[in-house]
Amino acid sequence: EKTIDVDLVTAYELEPATYDNLTQSLSTKLSRDIHVNATVDSNLLGGVVVRAGDTVIDGSIRGKLAKLAEQLNG
């Protein structure tokens, strides 16, 4: 249980240095080694969505706009 699978969805292909920094930060935050499954989804508009087990970190522009719309309508 020292390794966790992480789904990393970005709006565009990441630069190798950015990818390395992000995976290193995720490994530190999750306190585990990670196995990354990276995909690109242009519908995100920008940013990144991370899924690791039950944890979801939505840092996408689309997700932020959806939260803002929910706050404005709520």
[X] versus [Y]: any side-chain heavy-atom pair under 4.5 Å?
| X | Y | value |
| --- | --- | --- |
| Lys29 | Ile57 | yes |
| Leu45 | Leu65 | yes |
| Leu30 | Val6 | yes |

Nearest non-hydrogen partners of Thr23 and Ile34, listed with the distance: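 For Thr23 versus Ile34, the nearest heavy atoms are O-CD1, 3.4 Å.
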Are any side-chain N or O atoms of [X] and backbone N or O atoms of [Y], one a donor and one an acceptor, separated by less than 3.5 Å?
| X | Y | result |
| --- | --- | --- |
| Thr10 | Glu13 | no |
| Thr28 | Gln24 | yes |
| Ser27 | Arg32 | yes |
| Arg62 | Asn43 | yes |

Is it the case that one hydrophobic cluster holds both Val36 and Tyr12, taking links as side-chain heavy atoms less than 4.5 Å apart, direct or via other members?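 Both belong to a single hydrophobic cluster.
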Give the other cluster members for Leu44, using side-chain heavy-atom distances under 4.5 Å between Ile, Leu, Val, Met, Phe, Trp and Tyr residues; answer none if it is isolated.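 Once heavy-atom contacts under 4.5 Å are chained together, Leu44 belongs with Val9, Val49, Val56.
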Gap between atom [atom2] of [Y] and atom [atom1] of [X] - 0.5 Å precision:
| X | Y | atom1 | atom2 | answer |
| --- | --- | --- | --- | --- |
| Leu8 | Thr39 | CG | OG1 | 7.5 Å |
| Leu22 | Thr18 | CG | OG1 | 8.5 Å |
| Lys67 | Asp58 | NZ | CG | 5.5 Å |

For Asp7, all residues meeting side-chain hydrogen bond (donor to acceptor under 3.5 Å, both in side chains), sequence neighbours excluded: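 Expected list: Asn37.
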